[in-house]
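One-based numbering, in listed order, for ligands and for the atoms of each. What you see is a predicted model; the values in this text were computed from it and never measured.
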Amino acid sequence: MLEAILLVGGRGTRLRPLTVNTPKPMLPVAGVPFTAHQIARAKAAGVTRIVLSTSYRAEVFSDYFGDGSAHGVELVYMTEDSPLGTGGAIRHAAAQLRSAPDAPVLIFNGDVLSGLDIAGLVDAWRLAQADIALYLTRVPDPRAFGLVPTDATGRVTAFLEKPTKPEEIVTDQINAGCYVFRRSLIDAIPPGRVVSVERETFPKLLAEDANLIGVVDPAYWLDLGTPAAFVEGSRDIVSGRIPSPALPGGTPGRSLVLPGARVSQDAIVAGGSAIGANAVVEAFATVDGSVVFDGATIGVGASVVSSIVGAGAVIGSHTRLNGAVVGDGAVIGAENELLSGARVWAGATLGDCTVRFSSDQD
Ligand code: GTP
């Protein structure tokens, strides 16, 4: 038996208003909730039992996944009344673990899409007889991340906050949001209070000389926390750049159109776009590199590029979206322009020809 804890309790503020109704890990990415991709990948790596660590809108997860039998794993739930942070959530979830004190337990952030060799991370943990193995990835610009330098043997030497000066950039290795913990170290996290595993647990263990190793994996890695990353992740799964066993239909392609959707033969849907169930794309519309949720309508001649259109939202004819987010149920009239960074709140209504919004100076 290999157990995992999946952290899915965050509020997903960077993806508002989409996360007003739906927790971030349950938003549809390439046709299914992102958590379904993570469960499928964990299962493929040999994980048999997963504790879903929930807080914000916990019921959305259990309504969809139930006991996990339809997904080939045993799923159990631990819900925090108020969010306990990453470390507090891991500690809280420990009540549902069955692993022995010395056994490995995988921990996944619920919003990281990656091609990590999960079984390889567990093997590295075993081989090094580590307390914790951290998955690290290299990024071209590490300034927005906490840095994790390692020595020649792979041992972690420091946990550094986001660097502010060039001399503080001592490595391009960052914490990629997946760990293997020795079970007994999970039990040692203080219970019942907010704990950040990144800012509190890891630095404390390092100061106590615990054996923490970093495993740099060059595979695909993306944090889906922002709208731009969210559409990128979805189109990379649809197009097969990052394979997922949970991709509906199983075969990557130019686009994914879920059953029940209606796409006019005079419309263009491309660039790895995903069109949700019962959505409609009218004639002469273009949907490129975008995610259209269930039941949304893209009007005649509209153009939706690198954007997210929420469930049941309506995009009026000849309206242009580029880098925009439209909340569930919003109705946008004809001939509007919503560019780079524009967000329309769930349920909002915009008339015809009323908006030309861009956060850029163009
Ligand atoms: P933002 O508000 O947009 O930053 O998103 P977030 O709330 O998801 O926070 P962040 O991306 O930093 O969280 C990383 C992962 O940990 C996500 O999968 C969250 O769902 C999860 N997470 C964060 N805080 C908590 C918590 O207090 N409890 C639980 N159970 N999970 C959490």
Judged by modelled atom types alone, do Asn322 and Ser340 share a side-chain donor-acceptor pair under 3.5 Å?
no

Would you please name every residue forming a side-chain contact (heavy atoms from CB on, under 4.5 Å) with Ala296, sequence neighbours left out?
Val292, Val309

Donor + acceptor pair across side chains of Ser306, Glu232 (<3.5 Å):
no

Output yes when Arg182 and Asp102 qualify as a salt bridge under the 4.0 Å nitrogen-oxygen rule, no when they do not.
yes

When you check the side-chain N and O atoms of Asp294 and Asn278, is any donor under 3.5 Å from an acceptor?
no

Between the protein and ligand 1, which nitrogen or oxygen pairs come in under 3.5 Å, and how far apart is each?
{"residue": "ligand 1", "atom": "2 (O)", "partner": "Thr13", "partner atom": "N", "Å": "2.9"}
{"residue": "ligand 1", "atom": "2 (O)", "partner": "Thr13", "partner atom": "OG1", "Å": "2.6"}
{"residue": "ligand 1", "atom": "3 (O)", "partner": "Thr13", "partner atom": "N", "Å": "3.1"}
{"residue": "ligand 1", "atom": "3 (O)", "partner": "Thr13", "partner atom": "OG1", "Å": "3.4"}
{"residue": "ligand 1", "atom": "3 (O)", "partner": "Arg14", "partner atom": "N", "Å": "2.9"}
{"residue": "ligand 1", "atom": "3 (O)", "partner": "Arg14", "partner atom": "NE", "Å": "2.9"}
{"residue": "ligand 1", "atom": "4 (O)", "partner": "Arg14", "partner atom": "NE", "Å": "3.2"}
{"residue": "ligand 1", "atom": "4 (O)", "partner": "Arg14", "partner atom": "NH2", "Å": "3.4"}
{"residue": "ligand 1", "atom": "5 (O)", "partner": "Lys24", "partner atom": "NZ", "Å": "3.1"}
{"residue": "ligand 1", "atom": "7 (O)", "partner": "Arg11", "partner atom": "N", "Å": "2.9"}
{"residue": "ligand 1", "atom": "7 (O)", "partner": "Gly12", "partner atom": "N", "Å": "3.1"}
{"residue": "ligand 1", "atom": "8 (O)", "partner": "Lys24", "partner atom": "NZ", "Å": "3.0"}
{"residue": "ligand 1", "atom": "11 (O)", "partner": "Arg14", "partner atom": "NH2", "Å": "3.2"}
{"residue": "ligand 1", "atom": "11 (O)", "partner": "Lys24", "partner atom": "NZ", "Å": "3.3"}
{"residue": "ligand 1", "atom": "11 (O)", "partner": "Asp111", "partner atom": "OD2", "Å": "3.0"}
{"residue": "ligand 1", "atom": "18 (O)", "partner": "Leu7", "partner atom": "O", "Å": "2.7"}
{"residue": "ligand 1", "atom": "18 (O)", "partner": "Gly110", "partner atom": "N", "Å": "2.7"}
{"residue": "ligand 1", "atom": "20 (O)", "partner": "Gly9", "partner atom": "N", "Å": "3.3"}
{"residue": "ligand 1", "atom": "20 (O)", "partner": "Gly10", "partner atom": "N", "Å": "2.8"}
{"residue": "ligand 1", "atom": "27 (O)", "partner": "Leu84", "partner atom": "N", "Å": "3.2"}
{"residue": "ligand 1", "atom": "27 (O)", "partner": "Gly85", "partner atom": "N", "Å": "2.7"}
{"residue": "ligand 1", "atom": "28 (N)", "partner": "Glu80", "partner atom": "OE1", "Å": "2.9"}
{"residue": "ligand 1", "atom": "28 (N)", "partner": "Glu80", "partner atom": "OE2", "Å": "3.4"}
{"residue": "ligand 1", "atom": "30 (N)", "partner": "Ser53", "partner atom": "O", "Å": "3.0"}
{"residue": "ligand 1", "atom": "30 (N)", "partner": "Ser53", "partner atom": "OG", "Å": "2.8"}
{"residue": "ligand 1", "atom": "30 (N)", "partner": "Glu80", "partner atom": "OE2", "Å": "2.7"}
{"residue": "ligand 1", "atom": "31 (N)", "partner": "Gly9", "partner atom": "N", "Å": "3.0"}

Should the pair Tyr64 and His71 be assigned to parallel (<30°), tilted (30 to 60°) or perpendicular (>60°) ring geometry?
tilted

